[in-house]
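This structure is a prediction, so every number in the text was calculated from the model and none was measured.
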Amino acid sequence: MRPYSVVENEGFRHLLHTLEPKYSIPSRQHFSESCIPKLYRQVKEKIQHTLTDAERVAITTDGWTSCTTEGYVTLTCHYIDTDWQMKNYVLQTRVLNDSHTGVNLGKVLREACEEWNILDKNPALVTDNASNMAIAGAEANLSPHIKCFAHTINLATQKGLKCAGATCLLGRVRRIVSFFHRSTIGTTVLKEKQRLLGIPEHKLKQDVITRWNSSFDMLECFLEQQAAVCASLLDKKLRKLSNDLQHTLKEINITVAEDMVKLLSPVKTATTIMCEEEQPTVSVIAPLQAKLLKHFTVTAEDSSVITEMKQIMAKDLEHRYMDVRQVLYRASALDPRFKNLPFLSEEERDATFQFLIHEASELMIQKNDTVSQVENATAHSSADKTSDDDDGDPEMMPVFQAETTEEEHVPPFKKSKPFEDLFGDTFCTADPSQTVKTPKELAHAEVVKYRDTASLNLGGMVLEWWKSHQTEFPLLANLAKTYMCIPGTSVPSERVFSTAGDIVNSERSVLSPER
């Protein structure tokens, strides 16, 4: 994690000389032009090789700006391997000097897919809800394009927190928290009151306006420390300093704050669920959306502030994912935890499984065609080789012809059909269970059996379940891999920003984007 130039630092060179005087320290160029590029090529080749086994891949992408004001685009890749393990790789972090328009981003996505040879893997795309990302997905012709559910929740909740009552309450709590953050006397008094009241000695949390979950954390922590905060504000040491804060919050404000925490708690849980990387998350979007919409239903006990927040958040959330709703339903149907689809009507459930039957049978036909093409190519190659060998050894040709002469006069066996025409419907010599079924019939039989199977418990491991049932449901298992590999959020690409921030720091401000 250190700059290449560290090998030229006088202190570092003195240290290594002390440790081993005979050691010759490599130059900065040796690392930047030889070691690191070689390591990159090795890792890249390894990942490209592993990607060939993927049934399907999904990519997430997002843009960020470094401390040197250079724009970068990061791509991550996700797929399920042959052992039913979720694999995640950072494919690239590339500089984008042009403006981050949808067309330019689409070009970056397309070039990345071509470079990594994944266009034939039917790549799905997961991004945030920005309009340029929607255009980029269309430009790169990547489908389905799933919008990050964590980002969707953030947008809906931010709108809810902007209603007049919620904004006023958060402003009042923010003033009190800011006072204790900047006052050393206030912090000391608060700690004393926490010890006297037996309250956990937690520091009050300051929110960041652009992140709704920080506002939730601020309210939750404030309610936990409410008794200590009130006692501190009334203490004689702070009476003059906090005179204007003593009447900032009233009893009704505390009640509203408690109701807001109760309202937002399931939303925070949903966000945490979506950040999971080892488990499939695209299958959770539809159930979570239905659950949150139900949670946002207004009741008679709700205050005016909570009622307004629920209405705003429900209105924003319910129109999301209209363009990919069927994809989300099918993903949930292939998740053994949610396969009963209780949030859908009977007609919608049947339609979802009918489409899965169609997709599973089409996937089987496609695989059979691929296998046939490979076998034909192998057969042609063998035939050509045999032909070449025969042409190269003329002495063997008469022997070959002599051996086959007699066989040519044997008439080929022909089936007699009169008995079949007369008695075929009465006397059947074939075993009915051995009758060859079409791919659609096989898929239909699997779906019927799958729907009758007991659901996996909510804490169960989805990929482990499919691994143990893939022989029982081979067609659906193949189809599940094409859906379960899609993340429900673009969080994986956003996590790279933290690592990248450690690399592109002030000490590496002259590091070129190519490095």
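For the residue pair Asn340/Ser455, the side-chain donor-acceptor check at 3.5 Å is satisfied. A donor atom on one side chain and an acceptor atom on the other are found under 3.5 Å apart for Thr93 and Thr74. Between the side chains of Asn104 and Thr101, a donor-acceptor pair is found at a separation under 3.5 Å. Defined by atom type and a distance below 3.5 Å, a donor-acceptor pair is missing between the side-chain atoms of Asp235 and Ser232. Between the side chains of Glu258 and Thr255, no donor-acceptor pair is found at a separation under 3.5 Å. In this structure, a donor-acceptor pair under 3.5 Å is absent between the side chains of Tyr79 and Arg56. Under 3.5 Å, the side chains of Thr152 and Asn129 contain a donor-acceptor pair of N or O atoms. For the residue pair Asp207 / Ser214, no side-chain donor-acceptor distance below 3.5 Å is found, with atom types taken as modelled. A donor and an acceptor atom, one from each side chain of Thr76 and Thr60, are located under 3.5 Å apart. Side-chain contact, Gln206 with Ser178: a donor N or O sits under 3.5 Å from an acceptor N or O.
We find that Lys87 and Asp53 are not joined by a salt bridge, their nearest charged nitrogen and carboxylate oxygen being 4.0 Å or further apart. Taking the charged nitrogens against the carboxylate oxygens, Lys205 and Glu224 have no contact shorter than 4.0 Å, which rules out a salt bridge. Comment: Glu115 engages Arg94 in a salt bridge, judged by a side-chain N to carboxylate O separation of less than 4.0 angstrom. Salt-bridge formation is not detected for the pair Asp128/Lys147: no Lys NZ or Arg NE/NH1/NH2 atom is positioned less than 4.0 Å from an Asp or Glu carboxylate oxygen. Classification of Asp98 and Lys107 as a salt-bridged pair fails, no side-chain N sitting under 4.0 Å from a carboxylate O.
Between Trp116 and Leu91 the shortest heavy-atom distance is CZ2-O, 3.1 Å. Minimum heavy-atom separation, Leu479 to Thr482: O-OG1, 2.5 Å. Heavy-atom minimum distance, His78 versus Cys485: CB-O, 3.6 Å. Contact record, Lys315 with Glu318: O-CG, 3.6 Å, taken as the closest heavy-atom pair. Residues Ala333 and Leu341 approach most closely at N-CD2, 3.8 Å, considering heavy atoms. Closest approach of Gly460 and Arg337 over heavy atoms only: O-CD, 4.2 Å.
Put simply, the side chain of Lys339 gets close to the backbone of Tyr450: a donor and an acceptor are under 3.5 Å apart. Using a distance-only test at 3.5 Å, with no hydrogens or angles considered, a donor-acceptor pair links the side chain of Gln279 to the main chain of Val462. Panel note: side chain Asp81, backbone Gln85; a donor-acceptor pair is recorded below 3.5 Å. The backbone N or O of Thr297 sits less than 3.5 Å from a side-chain atom of Lys310, completing a donor-acceptor pair. The backbone N or O of Leu169 sits nowhere less than 3.5 Å from a side-chain atom of Arg174 that would complete a donor-acceptor pair. Of the possible donor and acceptor atoms, one in the side chain of Gln225 sits under 3.5 Å from a partner among the backbone N and O of Pro200. Proximity of a side-chain donor or acceptor of Glu308 to a complementary backbone N or O of Gly165 within less than 3.5 Å is not detected. Side-chain N or O atoms of Gln470 include one that pairs as donor or acceptor with a backbone N or O of Lys467 at under 3.5 Å. Not a single donor-acceptor pair under 3.5 Å links the side chain of Glu201 to the backbone N or O of Lys191. Remark: the backbone N or O of Ser265 is paired with a side-chain donor or acceptor of Thr269 at under 3.5 angstrom.
Counting heavy atoms from C-beta on, the side chains of Leu292 and Leu317 come closer than 4.5 Å. Side-chain contact between His145 and Val324 is absent, with no heavy atoms from C-beta onward closer than 4.5 Å. Annotation: side chain of Phe343 is in contact with side chain of Tyr329 (closest heavy-atom distance under 4.5 Å). Side-chain contact between Arg110 and Asn141 is present, with at least one heavy-atom pair separated by less than 4.5 Å. Counting only heavy atoms from C-beta outward, the side chains of Cys163 and Ile312 approach each other to under 4.5 Å. Annotation: side chain of Thr271 is not in contact with side chain of Asn213 (no heavy-atom distance under 4.5 Å). At a threshold of 4.5 Å between non-hydrogen side-chain atoms, the residues Val282 and Leu328 count as touching. Residues Phe216 and Arg211 are not in side-chain contact: their nearest non-hydrogen atoms beyond the backbone lie 4.5 Å or more apart.
To the nearest 0.5 Å, atom CH2 of residue Trp84 and atom CE of residue Met484 are 9.0 Å apart. Once rounded to the nearest 0.5 Å, the distance linking SG of Cys148 with CG of Asn154 reads 9.0 Å. One finds the CG atom of Leu356 at 11.5 Å from the CG atom of Leu475 (value rounded to the nearest 0.5 Å). The CD1 atom of Ile185 lies 12.0 Å from the CZ atom of Phe180; values are rounded to the nearest 0.5 Å. Here OG1 of Thr187 is found 6.5 Å from NZ of Lys203. Values are rounded to the nearest 0.5 Å. How far OG1 of Thr453 is from NE2 of His469: 6.5 Å, rounded to the nearest 0.5 Å.
Between Trp466 and Phe473, the ring planes lie perpendicular to each other; the angle is over 60°, past the 30° to 60° tilted range. Relative ring orientation between Phe149 and Tyr321 is described as tilted, the plane-to-plane angle lying within the 30° to 60° band.
Applying the salt bridge (charged side-chain N to carboxylate O under 4.0 Å, His left out) rule to Asp120 yields no partners; only residues at least two apart in sequence or on another chain are considered.
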Please report the C-alpha distance between Arg349 and Glu346 in whole Å, then the side-chain angles of each, then the deciding distance to 0.1 Å, and finally whether the salt bridge (charged side-chain N to carboxylate O under 4.0 Å, His left out) criterion is met. CA-CA 5 Å; Arg349 280 196 289 270; Glu346 187 65 36; 2.8 Å; yes
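Between Glu55 and the options Lys367, Lys481, Lys121, a salt bridge (charged side-chain N to carboxylate O under 4.0 Å, His left out) holds for only Lys367. When each of Asn122, Val126, Leu125 is checked for a side chain to side chain contact (heavy atoms under 4.5 Å, CB included) with Leu142, only Leu125 meets the rule.
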